[in-house]
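Letters go in sequence order (proteins before strands), and every chain restarts at 1. These numbers come from the heavy atoms of this one structure, side chains and all, not from hydrogens, waters or symmetry mates.
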Amino acid sequence: MSAPTSFDLPVMVASGCGGTGRELAAYAQEDGLAGIGGFVTRTLTMDPRAGGRVRVEESPAGLVRAHRLQNPGLDRFLMTELPWLAQQGVRTFVSIAGATLAEYAEITRRLVRAPGVAGIELNLAVDDPRRLGVFDATEPFQAARVVTAVRAELPVGVALHVKLPAVPSRIATAARAVAEAGADALVVGGALPAALDNGTPAELSGPAVRPVALRCLAEVRTALPGVPLIAVGGIATADDARGFLSAGAVAVQVGTALLHDPTTVFRIASELATNPGDDL
Amino acid sequence: MSAPTSFDLPVMVASGCGGTGRELAAYAQEDGLAGIGGFVTRTLTMDPRAGGRVRVEESPAGLVRAHRLQNPGLDRFLMTELPWLAQQGVRTFVSIAGATLAEYAEITRRLVRAPGVAGIELNLAVDDPRRLGVFDATEPFQAARVVTAVRAELPVGVALHVKLPAVPSRIATAARAVAEAGADALVVGGALPAALDNGTPAELSGPAVRPVALRCLAEVRTALPGVPLIAVGGIATADDARGFLSAGAVAVQVGTALLHDPTTVFRIASELATNPGDDL
Amino acid sequence: MTAVPMGEGTGPLHVTAEVLSTKKVGAYRHLVLAAPGVAERFRPGNFVAVSLPDGAHLARRSLWIHRVRPTGSHGATVELVIEPAGVGTAWLAALTQGARVELTGPLGRPFAQPKEPVNCVLVGEGYAAAALFPLAERLRERGCAVTILLAADDEAHVFGALEARRTARSVSVVTVDGSLGAKGTAGQALPGILQRAEADVVYAAGPSATLHAVAAAAEAHGAWSQVALEIPQPCGTGLCHACIVPVIGEDGIAHKVRACAEGPVFRGDRVQWGLL
Amino acid sequence: MTAVPMGEGTGPLHVTAEVLSTKKVGAYRHLVLAAPGVAERFRPGNFVAVSLPDGAHLARRSLWIHRVRPTGSHGATVELVIEPAGVGTAWLAALTQGARVELTGPLGRPFAQPKEPVNCVLVGEGYAAAALFPLAERLRERGCAVTILLAADDEAHVFGALEARRTARSVSVVTVDGSLGAKGTAGQALPGILQRAEADVVYAAGPSATLHAVAAAAEAHGAWSQVALEIPQPCGTGLCHACIVPVIGEDGIAHKVRACAEGPVFRGDRVQWGLL
Ligand SMILES: Cc1cc2nc3c(=O)[nH]c(=O)nc-3n(C[C@H](O)[C@H](O)[C@H](O)COP(=O)(O)OP(=O)(O)OC[C@H]3O[C@@H](n4cnc5c(N)ncnc54)[C@H](O)[C@@H]3O)c2cc1C
Ligand SMILES: Cc1cc2nc3c(=O)[nH]c(=O)nc-3n(C[C@H](O)[C@H](O)[C@H](O)COP(=O)(O)OP(=O)(O)OC[C@H]3O[C@@H](n4cnc5c(N)ncnc54)[C@H](O)[C@@H]3O)c2cc1C
Ligand SMILES: Cc1cc2nc3c(=O)[nH]c(=O)nc-3n(C[C@H](O)[C@H](O)[C@H](O)COP(=O)(O)O)c2cc1C
Ligand SMILES: Cc1cc2nc3c(=O)[nH]c(=O)nc-3n(C[C@H](O)[C@H](O)[C@H](O)COP(=O)(O)O)c2cc1C
Ligand code: FES
Ligand code: FES
């Protein structure tokens, strides 16, 4: 396992919560988006997924989102989004999901040929992958196979982060499998499988889920003390971030909080830079 | 499968959220606690569990609770709590957890000898059962074994409800196993494994978890359209209750909302009686 | 038409605004806010996204900027028109002087304005009419002939009838119940008005059904239309991709774009109304 | 001592109270509330549990009832003394006249009062002193000699010094910084006061450490003590079992009881202070 990512800037934008980057940059401080630890794109698939609009409802202290992996597809991303991010010097992590192991490898090959990719975030946390036509990595050995397939295509210097489903009772086992298969860091926490008011499958995110994310972190931290962990789920203040960092995360991602206030990620980053907290 | 419970009063008190019953009765309407669909006790074990205090922290729109199954044990419950509930005519469902199948059977035998038990709610949703010294029913076939063991001890007229872990990706399989083993109704939704700020394992409840409970209900409803389902998780208003009932639950349980306002369960019950909603 | 791109120094800001005054206007609440920098960057058709402060509601509430005005003491102010409809708008409507409001703005692509002095018809339904007044002023400054059609369910929901008469050459009002102006809807009244005004361009703000009718009437008349769409916008800032509008691009190809970022103002003939 | 059981018609109520007035008192905010029925059922040592209305904070906020008073127009009123310390107390402290507050009360077992006219010392630290004033009045009515000791970090946090002088035969004040009264803590001052007062019973309200010191001093002196404990109370109503206090029961056996339901007033010699 190599660990090409440095986490000296420990605050990142969570997958799918920063638009194409351009919109968020309007709220950045001097260094722009390049001034924070990283920008994770929304999850990309080989082909575009229109799949209706992302439907978002409010729930108490959370947002519930039915999405069907809506994204412009790899080509359009490489053409219209990545170049701007690269030009701005953003540490871009491209989140991906594939239908097969071969597709995962193919997406990776094409991504690492483009300049400006700091790393790949494998989204193995897709809720109900079969329904969405994505390779089912729910079982740890299948998750490990995806990691192996992608790892084989990665040149030195491009990091491999793996986002795991936020199921506390199972996350440690999944974490071990993907770490052994060669992940550089694990993204733990994240949205929870939920439903819109009308019953449509959806994902719950925001401060409501924070205690679950903290538990996910604790489970993996205990099982695998040596593996770098990136925490995500409900982080909205510098204190929240400090809580996850002192619980053993090397970095945190900020998602839903940005929808409520687009300056959050920049404020947290600069507050942490000024005052990292007791334990850090 | 027999179905001795009638759900014409579709609102119950969730396990552990109504004190011993006496405290809650102060806020009831004319009929007292007997006027609602049921009162589920906190989970009882054969022996008392002192295990430190229940520690409760606030999280956004939720409460996080580290509990270690604190309870007075079966004897003390039978002596000091059940008689009052029986005398008041409360439809009491006793929530239980056991260390072994034999203990489950023994607890059941002793409970059904006492007057006033309308049903048993098997708590198979204990977070991290091994740590708490409880029979590990995480695997569906183990859950089914508990149901079989308890079912064998139950006379006609005492209902068997089974509370399942709120893991949307696995709940349908667990539900099928316990339904086939003889559960009369399933309790779906409930608290989520989480952590206190300091990392201690705990459970998240309250409105924050409602969209997850709704998903759990949808998953089981789709897989097992014929099985009576009791929904729990984040219900705080009559509209919330109507949402779960129109999504296919036969009844709902109200928990954390009672801590915020002890009249909630009675208000929801009377609002539903007056105006059950479009689909009912 | 000139598209107005968002350049450096003209992008949106996230600020804590202060309520300077608040008054009832028919069924609505009219708020004047000190929102440093937001007014200065405003163009007609922009909106603000407000954050609720309770910790329980995370989605933003989008509101048209009704007017900006330079004032002595507070820099320029921003004015909003609120129809209390749910928790967020009720909260806004109940704010008193001195209250603080977190908001982001100005957001969205503004109305494209004609280079030549042409005949313009502006159609506003309910509170959304508020978005058209700053546009009407700019158009008048450019020498355009401005006709305004205000529509609503009833008199209390007609916004800005008096103000319209000060700005526009001609003003019509329609209400569904006939309590003010002619009885009817914007869609029913529009074809006649377009003809009388010899309209070259139609601008509209209101519910989607009305905008669809406006776009159709404009097309039938042979005028350009620019419609300001209200699609639920959880973030309002382009981050969440939840406010998708299906459009036909300049290239003739169907795209899905974000109402808050690529809109909320669209050419009426580009929106795929049937797929909305 | 008479224990005061909660019988029919004397149990707690859940009501929407209205703020009648609010004023600053030193470091605290003093609220007068119209809370129908709550005042009528009050006994000294009771508290109320307040619900925050924002939807994000679910745990109750417990507050001692400082005083109840019959008034003309609103029935009896309930008075609270708030130290702004976090989100809930800051919200309460900022409420203005006419605001509504959901609360449950009166809650908890009150102070047990002596049947005979005995010598009583009342020790109150910070805002918690507020809980002792109605008790002082009842004791005086029963012919008890009442001595009051008020303690705090500094002058601004001493509550009720003036009022104490109206009620008690003798009043002492101690502050940690010496800004009012003698310099020191309640624990330091108490032994001397107990002797001078020839105390038979000691009542106390304040932080646990102070209550522990009070209980120890009372025991050393040979007096009964009754302490009003503040344990975090998520519900305040006995429902959640999260406010556990380890005590030795009348039977000599260790029990875990709920502060809000079996307390918050306990006999000082029954509390297992080391396990708190
Ligand atoms: C670009 C734009 C401009 C707007 N300008 C104005 C204005 O100037 N004055 C005004 O009164 N209203 C305006 N609205 C509508 C206003 O944003 C919604 O009525 C408001 O968000 C509803 O929030 P609520 O909390 O009051 O209602 P709730 O029903 O409690 O809101 C629940 C959720 O649904 C969303 N939502 C509900 N209705 C709408 C709606 N019609 N449009 C968008 N989101 C909705 C809310 O944002 C929130 O997420 C505008 C909407 C858009 C998109
Ligand atoms: C029986 C009793 C009577 C009280 N009487 C008064 C009074 O008359 N005046 C007064 O100002 N305060 C009183 N308190 C303390 C008051 O309840 C807490 O300061 C308050 O709950 C803190 O809430 P917050 O939102 O301001 O602080 P936060 O720190 O934001 O509260 C966070 C959480 O911790 C709990 N909490 C924090 N501090 C305490 C504490 N010291 N005791 C109990 N729970 C706490 C809160 O209930 C909440 O769940 C009393 C406490 C108890 C138990
Ligand atoms: C609007 C939105 C879009 C998201 N899109 C993605 C996505 O494409 N891929 C992914 O892995 N996670 C996605 N997520 C999940 C977030 O990356 C994050 O894991 C989750 O929301 C929990 O963090 P938060 O509570 O800070 O939002 C999305 C979340 C939101 C709110
Ligand atoms: C204070 C408290 C105690 C609880 N105790 C138990 C328990 O003993 N057994 C159990 O099965 N669930 C217990 N629960 C979980 C509730 O029964 C319920 O399933 C969960 O809280 C979700 O519902 P809610 O959001 O309405 O609270 C407890 C919850 C709370 C808040
Ligand atoms: S509302 Fe979030 S992208 Fe438009
Ligand atoms: S605070 Fe809930 S039982 Fe005491």
Side-chain angles (χ1 to χ4, degrees), chain B residues 13-14 16-28 32 39 41-43 48-72 76 80 202 204-208 234 236-237 254-267, chain D residues 5-16 37 41 49-62 86-88 101-109 231-247 253-262 272 275-276:
Chain B
V13 175
C17 299
T20 66
R22 285 186 180 85
E23 303 81 13
L24 191 58
Y27 310 95
F39 175 86
T41 69
R42 60 198 181 296
T43 299
R49 303 251 183 145
R53 84 161 56 134
V54 179
R55 278 189 296 158
V56 174
E57 284 176 4
E58 275 182 324
S59 71
L63 291 179
V64 190
R65 177 180 45 97
H67 55 91
R68 326 188 98 238
L69 280 179
Q70 184 220 44
N71 81 89
R76 218 179 142 79
T80 65
L204 173 66
S205 65
T237 67
V254 178
T256 303
L258 286 169
L259 279 44
H260 185 72
D261 172 349
T263 65
T264 323
V265 70
F266 308 108
R267 269 194 294 111
Chain D
M6 292 263 178
E8 296 299 318
T10 62
L13 298 173
H14 186 82
V15 301
T16 303
R41 294 156 188 240
V50 165
S51 306
L52 270 63
D54 59 18
H57 295 90
L58 301 182
R60 312 298 292 276
R61 269 54 177 178
S62 295
V87 50
V101 180
E102 296 272 312
L103 60 80
T104 314
L107 291 164
R109 285 177 195 264
I231 301 288
Q233 298 183 162
C235 75
T237 49
L239 303 181
C240 76
H241 290 268
C243 57
I244 294 303
V245 178
V247 297
I253 297 175
H255 292 293
K256 311 242 173 180
V257 299
R258 290 162 296 181
C260 69
E262 281 84 32
Q272 298 189 282
L275 301 179
L276 250 196

Notebook entry, point to check: With chain B, which of Leu103(D), Asp54(D), Leu52(D) has the greatest number of heavy-atom pairs at distances under 4.5 Å?
Noted result: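 Looking at each of Leu103(D), Asp54(D), Leu52(D) in turn, Leu52(D) comes out on top.
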Checklist line | Most contacts with chain B, counted as non-hydrogen pairs under 4.5 angstrom, among Val50(D), Leu13(D), Thr104(D) | finding: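 Maximum pair count with chain B is reached by Thr104(D).
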Margin query: Under a 3.5 Å distance rule, please check whether Glu102(D) uses its side chain to pair with a backbone N or O of Asp261(B) as donor and acceptor.
Written below: no
Check: Do the side chain of His260(B) and the main chain of Leu58(D) share a donor and acceptor less than 3.5 angstrom apart?
Finding: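 Judged by distance alone, yes, a pair lies under 3.5 Å.
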Check: Are side-chain heavy atoms of Leu239(D) and Cys17(B) found at a separation under 4.5 Å?
Finding: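 A side-chain contact is absent here, since even the closest heavy-atom pair is not under 4.5 Å.
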Check: Under a 4.5 Å cut-off applied to non-hydrogen side-chain atoms, are Glu23(B) and Arg258(D) in contact?
Finding: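 They are in contact (side-chain heavy atoms under 4.5 Å apart), so the answer is yes.
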Margin query: Report which part of Ser59(B) has an atom under 4.5 Å of a heavy atom belonging to chain D: side chain, backbone, both, or neither.
Written below: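 Contact with chain D is through the backbone of Ser59(B) alone.
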Check: Shortest non-hydrogen contact from Leu259(B) to Arg60(D)?
Finding: O-CD, 3.0 Å
Checklist line | Distance-minimising heavy-atom pair for Ala242(D) and Val56(B) | finding: CB-CG2, 3.6 Å
Item checked: Carboxylate-amine/guanidinium contact Arg22(B) Glu262(D), below 4.0 Å -> no
Check: Which one, Pro60(B), Gly18(B), Ala26(B), Gly21(B), leads in non-hydrogen pairs under 4.5 Å with chain D?
Finding: Gly18(B)
Margin query: Let's go through Ile244(D) and Gln70(B) carefully: what are the C-alpha distance in whole Å and the side-chain angles of both, what is the deciding distance for side chain to side chain contact (heavy atoms under 4.5 Å, CB included) to 0.1 Å, and is it a yes or a no?
Written below: CA-CA 11 Å; Ile244(D) 294 303; Gln70(B) 184 220 44; 3.3 Å; yes
Checklist line | Rounded distance (nearest 0.5 Å) linking atom NE2 of His14(D) with atom CZ of Arg267(B) | finding: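 One gets 6.5 Å once the value is rounded to the nearest 0.5 Å.
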